[in-house]
S.K.: 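One structure coming up, written as structure tokens, with questions to follow.
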Amino acid sequence: MTPTEGPSPTGSDAGRARQPKAGAEPVGEGRTAEEEATTGGQGAQASGEDLPGSGRRGDTVAAVVRQWRAVHPGLDTGPMEIIGRINRCAALLQQAEDAPLRRAGLSRPEFDLLGALRRTGHELTPGDLARETFSSGAAVTKRLKQLTERGLVERRGDTRDRRVVHLRLTDAGRDLVDAILPVQLAYETAVLSGVDGPEQGELAALLGELLSQLEGRLGALRA
């Protein structure tokens with residue numbers, strides 16, 4: 001995977017875009033702007049024109065925003081410019097996969113389970129792992145079965161309640177996590193190499209603030 005240029009997290013004019021040019025094509029019929037931004041749909045390619053809030057050059061989301069403003073000039077597209085870019089970055093990272101994990105025969109969700117058992121330093125139940133990794137119970141059960149068959153995780157029944165299962169890393173599982181983690185961090189450093197160090201810190205802080213708010217309020221927004 002090669003680093004992709006993302007939007008700069010700094011700048012007083014972040015989140016605004018230039019007024020659209022006449023004749024801009026609308027996004028694909030029946031698709032949301034976020035879907036266009038994530039998949040890079042037809043007609044959503046960046047023009048290469050510098051735009052406020054879009055990094056060093058116009059990105060895919062900037063093009064989508066211009067198109068929506070041509071269709072609905074009165075709409076505030078600010079949220080789209082943030083959420084669309086987050087979705088696009090996540091989609092690109094997921095499509096590229098993680099090279100060190102792939103070489104070890106692991107998926108990112110599987111490594112997250114192993115990492116949770118390693119960093120917490122004690123046994124966890126499947127429910128604990130689901131909460132730690134933001135996964136469904138069914139997905140955790142399937143992944144644990146595969147990891148157990150590979151000899152990376154072992155199960156222990158609860159002495160008081162047979163319905164409860166406790167999980168821990170085997171020696172092989174712990175050694176694998178400890179071997180992969182430095183390589184994976186180096187890989188992620190390369191992915192982010194196009195963003196300056198101070199900007200990475202600002203971006204991490206902004207994303208942390210957003211995540212904290214969403215974790216506290218998203219349930220209420222869904223209601």
Side-chain angles (χ1 to χ4, degrees), residues 1 32 34-35 37-39 79 82-189 191-192 200 203-223:
M1 174 178 179
T32 66
E34 285 76 9
E35 287 171 337
T38 300
T39 60
I82 296 173
I83 295 175
R85 287 189 172 102
I86 291 174
N87 288 341
R88 177 64 172 166
C89 288
L92 289 171
L93 291 171
Q94 290 170 1
Q95 289 170 10
E97 300 184 12
D98 297 289
L101 304 184
R102 187 171 62 251
R103 287 195 293 268
L106 292 172
S107 66
R108 164 62 73 168
E110 289 173 339
F111 183 70
D112 287 344
L113 289 178
L114 297 176
L117 289 168
R118 182 68 173 113
R119 60 184 164 78
T120 57
H122 55 77
E123 294 179 341
L124 297 173
T125 66
D128 294 332
L129 285 170
R131 288 187 291 272
E132 287 283 341
T133 60
F134 306 100
S135 303
S136 68
V140 167
T141 298
K142 179 180 179 181
R143 292 164 192 154
L144 285 173
K145 182 176 184 296
Q146 296 169 339
L147 295 172
T148 301
E149 291 173 350
R150 289 185 59 181
L152 302 175
V153 173
E154 59 185 7
R155 307 160 65 95
R156 178 182 67 82
D158 191 274
T159 56
R160 293 175 295 181
D161 188 343
R162 294 183 179 180
R163 296 171 298 178
V164 178
V165 175
H166 300 275
L167 300 142
R168 61 188 175 193
L169 292 177
T170 62
D171 290 343
R174 183 176 60 254
D175 291 344
L176 182 61
V177 172
D178 289 348
I180 290 177
L181 184 58
V183 182
Q184 178 64 21
L185 288 174
Y187 171 83
E188 293 176 357
T189 298
V191 169
L192 295 172
Q200 286 189 27
L203 179 58
L206 289 171
L207 289 173
E209 182 178 346
L210 174 61
L211 179 59
S212 178
Q213 292 181 15
L214 290 178
E215 287 176 340
R217 296 190 291 114
L218 194 55
L221 291 174
R222 286 176 175 172

S.K.: So which atom in Leu169 and which in Glu154 form the shortest heavy-atom distance, rounded to 0.1 Å?
M.R.: O-OE2, 4.4 Å
S.K.: Using 0.5 Å steps for rounding, measure from the CG atom of Leu147 to the CG atom of Leu114.
M.R.: 5.0 Å
S.K.: Check this for me: Arg102, atom CZ, are more than 12 non-hydrogen atoms of other residues, nucleotides or ligands nearer than 6.0 Å?
M.R.: yes
S.K.: Side chains of Leu106 and Gln184: closer than 4.5 Å at any heavy-atom pair?
M.R.: no
S.K.: From His122 NE2 over to His166 NE2, what is the distance, rounded to the nearest 0.5 angstrom?
M.R.: 12.0 Å
S.K.: Please determine whether the number of non-hydrogen atoms from other residues, nucleotides or ligands lying under 6.0 Å from atom CZ of Arg119 exceeds 12.
M.R.: yes
S.K.: Give me the atom names and distance for the closest heavy-atom approach of Val140 to Ala130.
M.R.: CG2-CA, 3.8 Å
S.K.: How long is the span from the OG1 atom in Thr125 to the CG atom in Leu129, to the nearest 0.5 Å?
M.R.: 7.0 Å
S.K.: Nearest 0.5 Å, please: how far is CZ in Arg155 from OG1 in Thr148?
M.R.: 5.5 Å
S.K.: State, to 0.1 Å, how close Glu110 and Gly105 come at their nearest heavy-atom pair, and which atoms those are.
M.R.: OE1-O, 4.0 Å
S.K.: How close do Val183 and Arg103 get, counting heavy atoms only, and between which atoms?
M.R.: CG1-NH2, 4.2 Å
S.K.: Determine yes or no for a side-chain-to-main-chain donor-acceptor pair under 3.5 angstrom, with Ser212 supplying the side chain and Gly208 the backbone.
M.R.: no
S.K.: Decide yes or no for Leu206 and Leu210: does some side-chain heavy atom of the first lie under 4.5 Å from some side-chain heavy atom of the second?
M.R.: no
S.K.: Evaluate the criterion side chain to side chain contact (heavy atoms under 4.5 Å, CB included) for residue pair Leu167 and Leu124; output intermediate values, then yes/no.
M.R.: CA-CA 5 Å; Leu167 300 142; Leu124 297 173; 5.5 Å; no
S.K.: Minimum heavy-atom separation for Ile180 to Ala104, with atom names?
M.R.: CD1-CB, 3.4 Å
S.K.: Give, for atom CD1 of Ile82 and atom CG of Asn87, the distance between the pair rounded to the nearest 0.5 Å.
M.R.: 12.0 Å
S.K.: Out of curiosity, Leu152 CG to Asp171 CG, how far, rounded to the nearest 0.5 Å?
M.R.: 11.5 Å
S.K.: Would you tell me whether Ser135 and Arg143 have side-chain atoms, one donor and one acceptor, within less than 3.5 Å of each other?
M.R.: yes
S.K.: Which pair of non-hydrogen atoms, one from Leu117 and one from Thr120, has the smallest distance, and what is that distance?
M.R.: O-OG1, 3.6 Å
S.K.: Quick one: does any side-chain atom of Asp98 pair with a main-chain N or O of Pro100 as donor and acceptor, under 3.5 Å?
M.R.: no
